[in-house]
Amino acid sequence: MTVRLRYAPSPTGHLHIGGARTALFNYLYAKKLGGEYILRIEDTDQARNKENAEVGFMNGFEWLGLNWDEGPRVGGEYGPYSCMERLDIYQTYTDQLLAEGKAFHCYCSAEELEAEREALSAKGETPRYMGKCRNLTAEERSAHEAAGRKASIRFRVPDDQVLKFHDMIRGDIEFESNGIGDYVIVKSDGIPTYNFAVTIDDALMKITHVVRGEEHLSNTPRQLLIYEALGWALPEFAHLPLILNETGKKLSKRDESIVQFIEQYAELGYLPEAINNFLALLGWSPGGEQEIFSMDELIAQFSFERVQKSGAIFDSGKLAWMNGQYIKAAELDRIVDLAIPFLQKAGFIGADYDRAWVSQLVELYKDGMNAVSEIAELSQMFFATDVAYDEAAQAVLSEESAPTVLAAFRDQVQELPDFNADTIKAALKDVQKATGFKGKQLFMPVRVAVTGQEHGRDLNITLSLLGREKVVNRLTQLVQ
RNA sequence: GGCGCGUUGGAGAAGCGGCUUAACUCAUCGCCCUUUCAAGGCGACAUUCACGGGUUCGAAUCCCGUACGCGUCACCA
């Protein structure tokens, strides 16, 4: 039997790193075992569904390369792949549970339920539904109906049962049914709740491994009860550790301490393979010394035995480093393509630009960038009309070697028949011979005078890309 | 509060009873390379695994308790 795994997001927002990581783990395991990876949209929350969220999710997954074998856009024999298109399917099972007495209509209002929860809480007990409408007579039901009350449908949770299941990451887990009140499986608007829909969908779509975040651990016993009531075999479960922010708290979508939406990473010039690599290591580790993994390597090595139980703290510094590794290894042309929009957005280049020149500029900085967006900041002095000298820069320029070196170099540059990295290098050598200054005393004044910065990349190439005119102008301003 | 899960350095983590004088990575700090600047190479960085008991010849690894953290208790997923 081939394995079938799924990622089932609710279309209520943007694809965030937690969702992408859950999807990735599902994908990796499915591919490792030669099975299928399915995308399904869990859109039972009509109030929170967002118009284009589903499209955003799919675009995000396509960008990451997590292609689904079945689901929206691609179809499949177990469709449809979103809950709102499956309402009639749920109806069949709702009717069955009702007919067998495993579910019942509940007419309690939101206010009544709220009061009940508060009362239980006050007594120190688990707030839960105590079964008010569990055994309504036909007369009582008609009375409620006549009064215009809308019914939700609740699952009748059996007393005194121990609900056990095995988790591939956490081992055997038990819950007591007494801690679980009769929960709603169909809302009063006729739409099933997540717990009900997800169970039916997983069973009908022949999902063999349910892999999701730890926040679903306490939902599992509720779902177990449904599998049992409908006579279905249980899938394997795996509950992934939560992703925590740098202060150890669960990542909330409103948390701005870290960048957490996939599209933001795309916009910042992160490479999808870096994101996948980093996400794979969030909670999972192969154990060896390797840090950089291709997708094929991840697929080959992934296993749930090596997923940790404790929360995984999102270390954005390490992600940045990893992205830098991928940028360094990437083809220059690819990075140039990604860099151009940033340069245009900064107003440094227009719609028409010299591709060869931009390409050299990007090449100059490629090995030192952690995100392609950094190109704008890094290369800003190439496009500035005036160079600003901060305190540190001024300190360098007031070194005793500065006036002599700058004047000599300016003169050399003006004489140069050709202005390129090689001739600049030779000119610098000549300045050294003529002035007697070398090393830091020679290079730093030139670097700072022309770029305004003490740090930068290869000086010869930097100057050649800047062009003779800018170099001479900047030097002349200081020599005066 | 009930239930559930966790707790290894500045950070991410490996470790599954002896091979651990606790991998690897990020960050930091040195050194090397480079006449400058980066990148790169090399090295340093937890005598100790939340705390207290216990089991064992032997524990970061197993058991119990305490503390702390997190998740969850919805007609949200």
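Every chain is numbered from 1 and lettered A, B, ... according to where its sequence line falls, protein lines coming before strand lines.
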Checklist entry - So does A/N195 reach the base of B/A77 with its side chain, donor to acceptor, closer than 3.5 Å? => result no

In whole angstrom, give the distance that lies between atom [atom1] of [X] and atom [atom2] of [N].
{"X": "A/W321", "N": "B/A27", "atom1": "CH2", "atom2": "P", "result": "8 Å"}
{"X": "A/L281", "N": "B/A14", "atom1": "CG", "atom2": "P", "result": "9 Å"}
{"X": "A/L217", "N": "B/G2", "atom1": "CG", "atom2": "P", "result": "18 Å"}
{"X": "A/Y194", "N": "B/C75", "atom1": "OH", "atom2": "C1'", "result": "17 Å"}
{"X": "A/Q290", "N": "B/A14", "atom1": "CD", "atom2": "P", "result": "16 Å"}
{"X": "A/R21", "N": "B/G12", "atom1": "CZ", "atom2": "P", "result": "14 Å"}
{"X": "A/E118", "N": "B/A74", "atom1": "CD", "atom2": "P", "result": "12 Å"}
{"X": "A/L244", "N": "B/C5", "atom1": "CG", "atom2": "C1'", "result": "12 Å"}

Base, sugar-phosphate, or nothing: which does [X] touch, judged by heavy atoms less than 4.0 Å apart?
{"X": "A/E174", "result": "sugar-phosphate"}
{"X": "A/C108", "result": "base"}
{"X": "A/T462", "result": "nothing"}
{"X": "A/E454", "result": "sugar-phosphate"}
{"X": "A/H239", "result": "nothing"}
{"X": "A/G311", "result": "sugar-phosphate"}
{"X": "A/L113", "result": "base"}
{"X": "A/A47", "result": "nothing"}
{"X": "A/K429", "result": "base"}

Checklist entry - Which residue, A/Y7, A/W284, A/F302, A/Y37, forms the ring-ring contact (aromatic ring centres under 6.0 Å, His included) with A/F25? => result A/F302

Is the phosphate of [N] approached by [X] (side-chain N or O, under 4.0 Å from OP1 or OP2)?
{"X": "A/K187", "N": "B/C76", "result": "yes"}
{"X": "A/R154", "N": "B/C75", "result": "yes"}
{"X": "A/K425", "N": "B/U35", "result": "no"}
{"X": "A/R306", "N": "B/G15", "result": "yes"}
{"X": "A/S285", "N": "B/G12", "result": "no"}
{"X": "A/Q308", "N": "B/A13", "result": "yes"}
{"X": "A/K440", "N": "B/C37", "result": "yes"}
{"X": "A/H455", "N": "B/A38", "result": "yes"}

Taking [X] first and then [Y], would you say they form a salt bridge - that is, a charged N and a carboxylate O separated by under 4.0 Å?
{"X": "A/D202", "Y": "A/R6", "value": "yes"}
{"X": "A/E363", "Y": "A/K366", "value": "no"}
{"X": "A/K132", "Y": "A/E112", "value": "yes"}
{"X": "A/R457", "Y": "A/D367", "value": "no"}
{"X": "A/D315", "Y": "A/K318", "value": "no"}

If the [atom1] atom of [N] is compared with that of [M], how far apart are they to the nearest Å?
{"N": "B/A13", "M": "B/C37", "atom1": "C1'", "answer": "33 Å"}
{"N": "B/A67", "M": "B/C29", "atom1": "C1'", "answer": "35 Å"}
{"N": "B/U7", "M": "B/C51", "atom1": "C1'", "answer": "11 Å"}
{"N": "B/U61", "M": "B/U20", "atom1": "C1'", "answer": "11 Å"}
{"N": "B/G52", "M": "B/A44", "atom1": "C1'", "answer": "35 Å"}
{"N": "B/G43", "M": "B/U25", "atom1": "P", "answer": "10 Å"}
{"N": "B/G6", "M": "B/A50", "atom1": "C1'", "answer": "12 Å"}
{"N": "B/A46", "M": "B/A22", "atom1": "P", "answer": "9 Å"}

Among [options], which is the nearest nucleotide to the side chain of [X]?
{"X": "A/K318", "options": "B/C26, B/C37, B/A14", "result": "B/C26"}
{"X": "A/V184", "options": "B/C75, B/C3, B/U72", "result": "B/C75"}
{"X": "A/M444", "options": "B/A77, B/A11, B/C37", "result": "B/C37"}

Using a cutoff of under 3.5 Å, can you pull out all pairs of nitrogen or oxygen atoms linking the protein to nucleotides 61-64 of chain B, with atom names and distances?
none

Checklist entry - Can you list the steps and then say if A/Y129 with A/Y183 is a ring-ring contact (aromatic ring centres under 6.0 Å, His included)? => result CA-CA 7 Å; A/Y129 178 74; A/Y183 55 93; over 10 Å; no

Checklist outcome for this item: The answer to which of A/K309 and A/R48 contacts RNA chain B further toward the 5' end, by nearest nucleotide, is A/K309

Checklist entry - Between A/I173 and A/F314, who's closer to the 5' end of RNA chain B by nearest nucleotide? => result A/I173

Item to check | Chi angles and distances behind the ring-ring contact (aromatic ring centres under 6.0 Å, His included) call for A/Y194, A/H216 | outcome: CA-CA 11 Å; A/Y194 165 78; A/H216 287 291; 5.2 Å; yes

Item to check | side chain to side chain donor-acceptor pair (under 3.5 Å) partners of A/N460, counting only residues at least two apart | outcome: none

Next on the checklist: Pairing donors with acceptors under 3.5 angstrom, does anything connect the side chains of A/N323 and A/Y265?
Outcome noted: no

Next on the checklist: Can you confirm whether the side chains of A/Y81 and A/D201 place a donor and an acceptor under 3.5 Å from each other?
Outcome noted: no

